[in-house]
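Accompanying notes for the structure given below.
In this text, all values refer to a predicted model and were calculated from it rather than measured experimentally. Chain naming here is simple, since letters A, B, ... match the order of the sequence lines and numbering starts at 1 in each.
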Amino acid sequence: MSDAVTPFQAPIGTHDVLGAPSAEWEGLIATFAQYAYRFGFELVITPMFEDVGVFNRGIGEQSEMATKEMYVFTDRGNRTHALRPEGTAPVVRAFIQHSPTTPWKAWYFTPAFRYERPQKGRYRQHHQFGVEVLGTDDPAVDVEVIALAHRFYEAIGLTRFRLLINSMGDALCRAAYVELLRAHLAANVERLTDEHKNTWSRNPLRVLDCKVPDDQPYIDKLPSILDHLDDACREHFASVRSHLDARGIAYEVRPRMVRGLDYYMRTTFEITHGGLGAQNSVLGGGRYDGLAEAIGSKVPAPGIGFSIGEDRLVMILEESNPDRFKPAVDVFLAPMGQAAEEHAGELAAELRSQGFSVERSADRKLKRALEVANKTGARYTLILGDDEVSTGTYSLKDMASGEQVKLKRSELGARIKPN
RNA sequence: GUGGGCGUAGCUCAGUUGGUUAGAGCGCCAGGUUGUGGUCCUGGAGGUCGCGGGUUCGAUCCCCGUCGCUCACCCCA
């Protein structure tokens with residue numbers, strides 16, 4: 001759009017949030033903050049951009065995200081920065097910089113930027129909230145983190161979600177497995193689709209989560225990473241599973257689940273939900289022992305975390321339960337006349353200080369005021385005419401039932417409660 | 001980066017095999033009700049038919065380009 005008279009729009013792959021979805025955003029963030037607090041996490045806020053090295057070294061220089069999806073720019077001091085494409089690496093960088101006592105448990109909410117073609121559930125600026133725990137490799141912590149995610153999804157009333165888990169092994173046994181996989185693929189290269197002919201040697205793991213139906217029988221026969229874990233990794237995974245079982249958290253083991261970032265080790269998990277088209281993942285996470293060292297930590301600092309796609313979550317809730325976080329006005333004030341309007345301002349202040357959500361009409365016809373009250377979804381409308389003000393008696397109308405009573409100001413508190 | 005679909009009122013969409021004043025529903029505003037909403041009735045506002053160019057006597061419709069939206073691949077939240 002180069003035409004000067006064309007109105008501006010939000011950039012490609014970004015969107016404004018207002019109306020019902022914005023109420024859901026607020027509700028989701030508040031709910032997540034509450035559960036993160038209950039699980040002992042503190043809020044961490046890191047810059048929206050970092051030295052590009054934080055991401056190159058963190059998520060892997062060869063990864064798609066680093067090579068072609070980052071918003072990289074040079075500032076006026078010739079420093080090369082990148083808008084954060086994901087949430088974990090910056091938190092790990094902050095951990096290294098400040099050395100908080102471990103285990104350090106932090107949660108965050110942040111936009112993330114990736115230069116990709118937008119589609120359903122995928123944006124150039126999307127928003128994630130998530131947690132990280134640094135300084136321990138205890139499998140019980142893995143399960144604490146998964147349990148928080150699980151509890152959160154229950155709390156917001158999301159049903160029909162599936163928790164998928166896997167183990168990616170560690171640097172040693174995974175490397176051995178990848179070579180084994182590469183050998184298998186090399187021996188059968190003619191059976192691969194064109195697409196995989198290009199990827200198998202570069203990143204053999206990618207072939208595992210291929211979606212082409214015709215390839216499935218062949219891929220099913222490839223060796224499973226779970227059969228090639230070393231003793232320590234096998235024990236770790238077994239421990240994670242038994243902790244999950246003990247807590248009654250349902251999960252599915254998916255040995256072919258491959259996560260996109262290079263730093264994942266051992267435990268990986270994902271929560272998926274139908275109704276998101278091809279992008280069905282609403283949460284992704286895993287353990288990333290070694291990431292801190294990759295970014296520059298002098299001491300080993302194993303870690304685990306997850307991030308939730310806020311935009312995708314809102315999309316699901318919009319379809320399944322759009323009124324979940326609908327804000328409710330407790331009292332709508334409908335003043336008529338000069339004296340009543342001034343009185344309404346004073347009364348609104350008092351009710352708000354008591355915790356009520358109060359909306360008020362300007363001085364206008366009562367019919368019109370009630371129409372507006374109805375649209376705001378107010379539970380009660382308080383009718384204030386000059387006669388009500390002079391006698392100190394209000395008319396309180398219950399908007400759902402239509403029932404209307406007269407009462408004195410002092411009786412108001414006993415009649416209605418904040419939502 | 002690649003491929004498919006789509007751009008007509010605030011929203012969801014009709015429509016014209018190219019013809020003069022472009023429609024509906026919802027929403028919005030006003031009236032029917034002098035102080036009573038959610039139902040109903042009546043009326044009204046609101047559109048350079050994404051933008052630019054071409055073909056034509058004539059384009060919202062056909063052609064080309066462009067911008068945008070959308071879905072999928074890739075990748076991922």
Any pair with a residue in residues 132-179 of chain A that passes ring-ring contact (aromatic ring centres under 6.0 Å, His included), sequence neighbours left out, goes on the list, sorted by first then second residue, please. A:Phe32-A:Phe152, A:Phe129-A:Phe152, A:His150-A:Phe161, A:Tyr153-A:Phe161, A:Tyr177-A:His228
Determine which pairs satisfy ring-ring contact (aromatic ring centres under 6.0 Å, His included) with at least one residue from residues 377-413 of chain A, sequence neighbours left out, and list them in order. A:His343-A:Tyr394
Pairs of donor and acceptor atoms involving the side chains of residues 107-117 of chain A, under 3.5 Å and at least two apart or interchain, shall be tabulated with distances.
residue	atom	partner	partner atom	Å
A:Thr110	OG1	A:Arg84	NH1	2.5
A:Arg114	NE	A:Pro85	O	2.7
A:Arg114	NH2	A:Pro85	O	3.0

Not counting sequence neighbours, which residues clear side chain to side chain donor-acceptor pair (under 3.5 Å) with A:Arg182? List them please. A:Glu179
Mind checking what makes side chain to side chain donor-acceptor pair (under 3.5 Å) contact with A:Glu26, not counting sequence neighbours? none
Establish, with yes or no, whether the OP1 or OP2 oxygen of B:A77 is under 4.0 angstrom from a side-chain nitrogen or oxygen of A:Arg259. yes
Considering residues at least two apart in sequence or located in another chain, which fulfil the side chain to side chain contact (heavy atoms under 4.5 Å, CB included) criterion with A:Asp227? A:Ser224
Kindly write out the residues that satisfy side chain to side chain contact (heavy atoms under 4.5 Å, CB included) with A:Ser410, not counting sequence neighbours, or none if the list is empty. A:Lys408
What are the atom names and distances for every N/O pair under 3.5 Å that joins the protein to nucleotides 40-44 of chain B?
none

For A:Arg368, which contact category applies under a 4.0 Å heavy-atom criterion: base, sugar-phosphate, or nothing? sugar-phosphate
Work out how far the P atom of B:A59 is from that of B:G54, and round it to whole angstrom. 11 Å
Return the set of residues passing ring-ring contact (aromatic ring centres under 6.0 Å, His included) with A:His127 (not counting sequence neighbours), or none when no residue passes. A:Trp25
Return one dot-bracket line describing RNA chain B 5' to 3' (Watson-Crick or G-U wobble pairs, both distances under 3.5 Å; ( ) same strand, [ ] crossing, | another strand, . none). (((((((..((((.....[...)))).(((((.......))))).....(((((..]....))))))))))))....
All pairs passing side chain to side chain donor-acceptor pair (under 3.5 Å) where residues 247-259 of chain A contributes a residue, at least two apart: A:Glu144-A:Arg247, A:Arg162-A:Glu252, A:Gln216-A:Arg256, A:Asp220-A:Arg256, A:Arg241-A:Tyr251, A:Asp245-A:Tyr251, A:Glu252-A:Arg254, A:Arg259-A:Tyr264, A:Arg259-A:Glu270
By centroid distance (under 5.5 Å) and plane angle (under 30°), are A:His126 and B:A77 in a stacked arrangement? yes
Which residues within residues 380-404 of chain A lie with some heavy atom under 4.0 Å of an atom in RNA chain B? A:Ile383, A:Asp387, A:Glu388, A:Lys397, A:Met399, A:Ala400, A:Gly402, A:Gln404
Are A:Met336 and A:Leu366 side-chain neighbours, meaning at least one heavy-atom pair lies under 4.5 Å? yes
